[in-house]
Amino acid sequence: MQKFTVHQGLVAPMDRENVDTDAIIPKQFLKSIKKTGFGPNLFDEWRYLDQPGEPGVPESARKPNPDFVLNQPRYKGASILIARKNFGCGSSREHAPWALQQYGFRAILAPSYADIFFNNCFKNGLLPIVLPESVVAQLFDEVYAFPGYELTIDLERQVIVRPQGAEMPFEVQPFRKYCLQGGLDDIGLTLRQADRIRSFEANRLATKPWLA
């Protein structure tokens with residue numbers, strides 16, 4: 001999992017409430033569990049005009065919707081998404097944070113998230129930050145007003161830095177912060193104990209060889 005320390009990036013606005021996981025990555029793309037290749041189908045039903053989208057169709061063969069925010073040139077390369085309340089609601093598919101991350105997003109700023117989506121983000125190196133609704137509304141105004149609007153997210157200090165230097169604090173649980181900074185998913189956390197695991201397995205084999 002990619003480490004998250006300090007990230008500076010272009011901001012894209014998703015100006016909708018209750019964006020569910022089927023909108024983030026539609027159900028027909030859930031056939032794969034490889035954790036790769038989902039970026040081109042992020043927000044598929046909004047992003048393309050040729051519907052329904054199907055797995056395996058190259059992005060070059062699709063017809064982009066010019067009115068969708070991520071298809072607008074000013075937001076190309078965005079790595080920070082701002083959204084309205086209850087982002088990631090609906091089914092619990094882990095493919096949703098996979099798609100967001102593989103598109104290029106490193107962080108999301110919103111007033112609230114669905115619990116399972118929120119937890120899945122941390123497990124996949126995507127930082128979901130909760131901010132007051134009034135602050136998020138102000139960020140939307142600034143993004144719309146200033147093309148090329150960027151923010152800097154400093155996870156160690158737990159602040160978001162605006163272009164003019166003003167800082168906005170945010171909260172994150174210490175354990176989740178530790179995992180993001182170290183690039184540790186559940187497997188990575190387990191492998192920190194690799195020596196103890198090998199020692200246990202060797203001892204078990206020596207004392208109970210019939211289990212091999």
Side-chain angles (χ1 to χ4, degrees), residues 1-21 23-25 35-36 38-39 42-43 69-70 75-90 92-140 142-143 149-163 165-189 192:
M1 188 172 84
Q2 185 178 0
K3 294 181 180 180
F4 195 116
T5 53
V6 177
H7 176 75
Q8 180 178 359
L10 181 68
V11 182
M14 180 56 60
D15 203 352
R16 309 178 189 220
E17 296 182 354
N18 306 308
V19 173
D20 63 37
T21 53
I24 296 172
I25 183 72
K35 296 184 69 172
T36 59
F38 295 100
L42 176 68
F43 300 119
V69 59
L70 296 185
Y75 300 119
K76 185 177 181 180
S79 59
I80 299 173
L81 185 71
I82 58 172
R84 300 294 185 178
K85 63 184 179 181
N86 199 30
F87 188 82
C89 58
S92 60
R93 64 195 68 174
E94 196 170 2
H95 298 68
W98 294 352
L100 285 158
Q101 186 189 53
Q102 290 162 25
Y103 178 85
F105 287 114
R106 297 299 321 279
I108 310 170
L109 316 180
S112 61
Y113 304 86
D115 288 343
I116 295 176
F117 172 82
F118 187 75
N119 292 330
N120 282 339
C121 285
F122 284 104
K123 291 177 180 294
N124 290 279
L126 183 64
L127 175 59
I129 296 174
V130 178
L131 294 174
E133 199 163 358
S134 59
V135 173
V136 172
Q138 187 176 32
L139 288 174
F140 270 100
E142 293 177 8
V143 169
Y149 187 87
E150 292 189 346
L151 292 171
T152 299
I153 300 172
D154 187 330
L155 181 57
E156 174 61 34
R157 297 173 54 227
Q158 294 180 208
V159 294
I160 302 165
V161 186
R162 281 186 163 109
E167 296 184 349
M168 301 175 289
F170 64 89
E171 296 295 324
V172 60
Q173 292 182 357
F175 179 70
R176 286 171 167 166
K177 178 178 178 178
Y178 169 78
C179 291
L180 283 174
Q181 289 179 312
L184 297 170
D185 58 13
D186 289 346
I187 294 175
L189 285 167
R192 291 182 308 159

Original post:
Are Glu94 and Lys123 ion-paired here, with the side-chain N under 4.0 Å from a carboxylate O?
Top reply: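 Result for this pair is no, no salt bridge flagged.
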
Indicate yes or no: at least one non-hydrogen side-chain atom of [X] is less than 4.5 angstrom from one of [Y].
X	Y	answer
Thr152	Pro163	no
Ile82	Tyr149	no
Asp154	Val6	yes

**OP:** Test Phe105 against Ile80 for side chain to side chain contact (heavy atoms under 4.5 Å, CB included), laying out the working first.
**Re:** CA-CA 5 Å; Phe105 287 114; Ile80 299 173; 5.6 Å; no

Subject >> Listed partners of Asp15 passing salt bridge (charged side-chain N to carboxylate O under 4.0 Å, His left out), at least two apart >> reply: Arg84

Do you know which two heavy atoms are closest between [X] and [Y], and how far apart they sit?
X	Y	result
Val172	Arg176	CG2-CB, 4.4 Å
Ser92	Asn120	O-ND2, 3.4 Å
Tyr75	Val11	CD2-O, 3.5 Å
Gly9	Ser79	CA-OG, 3.4 Å
Ala78	Tyr103	O-CE2, 4.3 Å
Gly88	Thr21	O-CG2, 3.6 Å

**OP:** Could you go through the side chain to side chain contact (heavy atoms under 4.5 Å, CB included) check for Val161 and Gln8 one step at a time?
**Re:** CA-CA 9 Å; Val161 186; Gln8 180 178 359; over 6 Å; no

Say you draw a straight line from [atom1] of [X] to [atom2] of [Y]; how long is it, rounded to the nearest 0.5 Å?
X	Y	atom1	atom2	answer
Asn124	Leu180	CG	CG	10.5 Å
Phe87	Asn18	CZ	CG	11.0 Å
Gln138	Arg162	CD	CZ	4.5 Å
Leu184	Phe175	CG	CZ	8.0 Å
Leu139	Ser134	CG	OG	10.0 Å
Glu133	Glu17	CD	CD	6.5 Å

Original post:
Between Phe122 and Gln173, does a side chain to side chain contact (heavy atoms under 4.5 Å, CB included) hold up when you go through it step by step?
Top reply: CA-CA 10 Å; Phe122 284 104; Gln173 292 182 357; over 6 Å; no

**OP:** Say whether, by atom type as modelled, one donor and one acceptor occur between the side chain of Gln158 and the main chain of Phe170 under 3.5 angstrom.
**Re:** yes

Side-chain donor-acceptor pairs of residues 106-116 under 3.5 Å, sequence neighbours excluded:
from, atom 1, to, atom 2, distance (Å)
Arg106, NH2, Lys3, O, 3.3
Ser112, OG, Asn86, N, 2.8
Tyr113, OH, Ile108, O, 2.8
Tyr113, OH, Ala110, N, 3.1
Tyr113, OH, Ile129, N, 3.2
Tyr113, OH, Ile129, O, 2.7

**OP:** Start with the C-alpha distance between Met14 and Val69, add both sets of side-chain angles, then the distance that settles side chain to side chain contact (heavy atoms under 4.5 Å, CB included), and finish with yes or no.
**Re:** CA-CA 7 Å; Met14 180 56 60; Val69 59; 4.0 Å; yes

Original post:
Under the ring pair (Phe, Tyr, Trp, His ring centres under 6.0 Å) test, which residues partner Phe38, sequence neighbours left out?
Top reply: His95, Trp98

